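This is a predicted model, so every value here is computed, not measured. Letters A, B, ... mirror the listed sequences (proteins, then strands); counts begin at 1.
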Amino acid sequence: MSIDGVESPRPPSFIRDLIEADNASGRFGGKVQTRFPPEPNGYLHIGHAKSICINFGLAKEFGGKCNLRFDDTNPTKEGVEYVNSIMEDVRWLGFEWDALFYASDYFEQLYQWAVALIKEGKAYVCDLSPEQVRSTRGTPTEPGQPSPDRDRSVEENLDLFARMRAGEFPDGSRTLRSKIDMASPNFNMRDPVMYRILHSEHHRTGDAWCIFPMYDFAHGQSDSIEGITHSLCTLEFEDHRPLYDWYCDNLGIHHPQQIEFDRLNLTNAQLSKRKLLTLVQRGLVSGWDDPRLPTLSGMRRRGYTAEGIRNFCGMIGVSKTNGIIEYNLLEHAVRDDLNKHALRVMAVLDPLKVVIDNYPAGQTEQMEAVNNPEDASAGTRPVAFSQVLYIERDDFREDPPKQYYRLSPGREVRLRYGYFITCTSVVKNEQGEVIEVHCTYDPATRGGNSPDGRKVKSTIHWVSAAHAIDAEVRLYDHLFQPGVEPKEDEDFTVALNPASLTRVTAKVEPSVAGAAPLASYQFERVGYFCADRDSTPDKPVFNRTVQLKDTWAKTEKSHQQKKP
RNA sequence: UGGGAGGUCGUCUAACGGUAAGACUGCAGACUCUGGAUCUGCGUAUCGGGGUUCGAAUCCCUGCCUCCCAGCCA
């Protein structure tokens, strides 16, 4: 987003307009304070990245601050593993919070505020069961029925609420509710629950509390305490804004402006925290950081870069429209970043043996290869060349189709940084499959140059059989089969793609032997890959991050479609 | 049949009463020691119907469609 260190103007957004209007009117004294408020009940995913970029980005843009606040009001679902992963992911994405808070830091203050509302007759302890509350809430067209406890005395409410806190009552037996309007067309205003009883160990407060505030009774006040000016959240909270406002107003505390924006949806990606948790818990993926998952930890392990993801978040913009972003935009952003930074290397994923008959057996030459044509400072490296090589099986066709430029009988191609070679014959197995290709080379073309100026239609990659090392390469495809929609009574996992992970043994340049986990490479003409955390010097493991654009694959496919 | 929020190229986003723009995708081409990258060109959109206006994606009316809401989840 920046050129020569100068921030280019960010694309306009309605949130920026609102902030500018507030600054112009002096509403918050020109201050901008935001926060990223995850619930620590799962790992962060690409949808959270959008929120992080918006919250931290806007704060930075306006010279404000952005906090990280854990919305940890439900001990039954939250835990430190999630807290830790979230902090790691936010930092990895490239952001550092100005202050770190937990909603649980405010439990005592929240309790006092609840007491204050009780004293004003604006809250009461309700003895209804969850089922009774549901059945008396009414419908969209009918008002709810008031709780029989709605008019309890302040003294009794105070006493009961204190005893709720003291642990005298079992889970679900009572709640503290706000007394607002059982006839409101907005369900959130029909005497919403403020506190419920949960005898559950909280990851921070332990057993100090057995009553916990609901989201609505915690979020706005947490924002208020922190001096948040603009409380950004997703569209599904629009209906909650009246309640957010009600609590701030009735408590008489600093009142931030809640602003809702559209949640990120991505084609072919599962961004439901519940479903991600299911996949992890059922062992259908290798963990929260499975490279097929759209979690930040999974994408990181897969090789997606923080800058690529940040750029993506900038490209998709922000609005209030419910839409779905095409996955290829994300891939574009990742490729774009990797293209600038990833070192090039040669690797053959589906090896086909090539013997150069006129090349001296036993001879080895060191060819000079460019590490990154986009970055001269990346330098060059030597690559061993010898008589027996491997090339990509797909780079040879005995009977080349139209517009196929690569190796085939009688045709000459360039071996990248190597020599021009011409195919002279093939060796087949009993099944008639080509298992070996014989060629001759032109010694004058060393390094891949053409002194006489003759052209070849194609340049292909290769590795020397004697020098290449084996590496496990994990190829990923969509976790869910595109277009497969589970029926209503079916589990969402029926759409799982059985071919989402393929492992192959590739022949790779020895230069990548000790690649550190997360180190990204471009396997020339194939794609971007990064070393997995399972990788060892003895047995390197690479994840395919994303394929390179493949024009030939596209034209071949269209050829096949034209003549079925 | 209640309330809330939205409908602009295939997708996402802009245009703030004054020539509907950009990105991704798609197609065509140039260039290339990666069929990569880069570059060029092409294509497709204001949900419908009324109105106000010299002029409407934008303002008004009306219809249609989509999403969210009846957790002691967030």
Side-chain angles (χ1 to χ4, degrees), chain A residues 11-13 17 37-39 41 71-74 76-78 126 128-130 133-135 137-144 171-177 184-190 192-198 211-212 214-216 218-219 233-242 260 262 267 273-274 315-333 335-336 339-340 344 346 369-370 373-374 403-406 414-418 420 445 447-450 456-461 522-527 547-556 558:
Chain A
S13 85
D17 294 344
E39 182 189 13
N41 67 343
D71 225 332
D72 55 349
T73 56
N74 185 351
T76 66
K77 294 184 175 176
E78 298 152 4
C126 173
L128 259 26
S129 69
V133 170
R134 192 181 316 130
S135 64
R137 185 145 18 223
T139 70
T141 51
E142 300 165 311
D171 290 5
S173 60
R174 292 173 210 266
T175 56
L176 182 71
R177 292 225 254 166
S184 172
N186 181 346
F187 283 101
N188 293 305
M189 303 302 271
R190 318 245 267 222
V193 171
M194 298 160 65
Y195 272 90
R196 74 291 212 185
I197 302 171
L198 251 25
I211 57 171
F212 293 88
M214 296 287 290
Y215 164 86
D216 288 305
H219 201 94
C233 63
T234 42
L235 256 23
E236 65 271 27
F237 291 100
E238 275 174 328
D239 285 341
H240 292 248
R241 179 154 30 92
E260 309 85 9
D262 63 326
T267 57
K273 265 177 138 181
R274 198 197 99 241
M315 288 188 272
I316 59 178
V318 55
S319 70
K320 292 173 83 77
T321 317
N322 269 307
I324 184 162
I325 307 289
E326 291 179 346
Y327 202 88
N328 58 39
L329 182 60
L330 210 206
E331 295 199 324
H332 165 79
R335 274 199 205 96
D336 191 51
N339 176 50
K340 293 171 192 152
R344 271 73 209 220
M346 292 197 282
V370 174
E374 305 290 321
Q403 290 184 74
Y404 183 87
Y405 304 147
R406 283 109 94 148
R414 172 189 292 112
L415 291 176
R416 185 133 161 102
Y417 304 125
F420 283 18
T445 59
N449 300 308
S450 173
V456 285
K457 292 280 272 183
S458 178
T459 298
I460 64 177
H461 61 280
Q522 183 196 101
F523 289 179
E524 293 216 33
R525 301 207 310 131
V526 181
Q547 289 172 280
L548 241 28
K549 281 199 204 165
D550 192 342
T551 309
W552 162 244
K554 204 179 289 180
T555 61
E556 183 175 39
S558 73

Measure [atom1]/[X] against [atom2]/[N] and give the value in whole Å, please.
X: Arg190(A); N: G4(B); atom1: CZ; atom2: P; answer: 13 Å
X: Arg241(A); N: G3(B); atom1: CZ; atom2: P; answer: 17 Å
X: Glu236(A); N: G4(B); atom1: CD; atom2: P; answer: 18 Å
X: Glu260(A); N: C69(B); atom1: CD; atom2: P; answer: 14 Å
X: Asn328(A); N: C24(B); atom1: CG; atom2: P; answer: 10 Å

Nearest to the side chain of [X], heavy atoms from C-beta on, is which of [options]?
X: Glu326(A); options: U34(B), G35(B), C24(B); answer: C24(B)
X: Met214(A); options: A74(B), G36(B), C12(B); answer: A74(B)
X: Asp336(A); options: C72(B), U34(B), U38(B); answer: U38(B)

Measuring only the [atom1] atom in each nucleotide, how far is [N] from [M]? A whole number of Å is fine.
N: G43(B); M: G49(B); atom1: C1'; result: 29 Å
N: C61(B); M: G3(B); atom1: C1'; result: 22 Å
N: A45(B); M: A14(B); atom1: C1'; result: 13 Å
N: G22(B); M: U34(B); atom1: C1'; result: 29 Å
N: G51(B); M: A56(B); atom1: C1'; result: 11 Å
N: C24(B); M: C68(B); atom1: C1'; result: 28 Å
N: U25(B); M: U11(B); atom1: C1'; result: 8 Å
N: G29(B); M: G36(B); atom1: P; result: 13 Å

On the nucleotide [N], are OP1 or OP2 found under 4.0 Å from the side-chain N or O atoms that [X] carries?
X: Arg274(A); N: A74(B); result: no
X: His332(A); N: C24(B); result: yes
X: Lys549(A); N: A37(B); result: yes
X: Ser319(A); N: U13(B); result: yes
X: Thr551(A); N: G36(B); result: yes
X: Lys320(A); N: C68(B); result: no
X: Thr73(A); N: C73(B); result: no
X: Arg137(A); N: C72(B); result: yes

### Query
Stacking check: are the rings of Tyr215(A) and A74(B) less than 5.5 Å apart at their centres and under 30 degrees in tilt?
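Whether judged by distance or by angle, Tyr215(A) falls short somewhere, so it does not stack on the base of A74(B).
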### Query
With centres under 5.5 Å and planes under 30°, do Phe187(A) and G3(B) count as stacked?
no
### Query
Is Arg134(A) side chain donor-acceptor paired with the G71(B) base, going by distance under 3.5 Å alone?
no
### Task
Ignoring hydrogens and angles, answer whether the base of G3(B) and the side-chain atoms of Glu238(A) contain a donor-acceptor pair closer than 3.5 Å.
no
Counting any heavy atom closer than 4.0 Å, what does [X] reach on the DNA or RNA strands: base, sugar-phosphate only, or nothing?
X: Gly172(A); value: base
X: Leu548(A); value: base
X: Asp71(A); value: sugar-phosphate
X: Tyr195(A); value: nothing
X: Asp262(A); value: sugar-phosphate
X: Phe212(A); value: nothing
X: Asp239(A); value: base
X: Gln522(A); value: base
X: Pro373(A); value: base
X: Gln403(A); value: base
X: Lys340(A); value: nothing
X: Phe420(A); value: nothing
X: Arg335(A); value: nothing
X: Gly144(A); value: nothing

#### Entry: Asp550(A) bridged to Lys554(A) by N-O distance under 4.0 Å
no
### Task
State plainly whether the residues Lys77(A) and Glu39(A) are in salt-bridge range, i.e. N to O under 4.0 Å.
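Salt bridge flag = no for Glu39(A) with Lys77(A).
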Are any protein N/O atoms closer than 3.5 Å to N/O atoms in nucleotides 15-18 of chain B? If there are, list each pair with its distance.
residue, atom, partner, partner atom, Å
C16(B), N4, Asp17(A), OD2, 3.3

### Task
Specify the residue among Ser458(A) and Leu128(A) whose closest nucleotide of RNA chain B lies further upstream toward the 5′ end.
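With Ser458(A) and Leu128(A) compared, the 5'-side residue is Ser458(A).
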### Task
Nearest-nucleotide wise, let me know which of His219(A) and Arg525(A) is further upstream toward the 5' end of RNA chain B.
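Here Arg525(A) is the residue nearer the 5' end.
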### Message
In the structure I gave you, are the side-chain heavy atoms of Tyr417(A) and Val370(A) within less than 4.5 Å of one another anywhere?
### Response
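Heavy-atom side-chain distance check passes, below 4.5 Å.
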### Donor-acceptor contact below 3.5 Å, side chain Arg414(A) vs main chain Gly448(A)
yes
### Task
Output the distance between atom CZ (Arg335(A)) and atom CD (Gln547(A)), rounded to the nearest 0.5 Å.
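Nearest 0.5 Å value for the CZ-CD distance: 8.0 Å.
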### Task
Identify whether the glycosidic angle of G71(B) places it syn (within 90° of 0) or anti.
syn
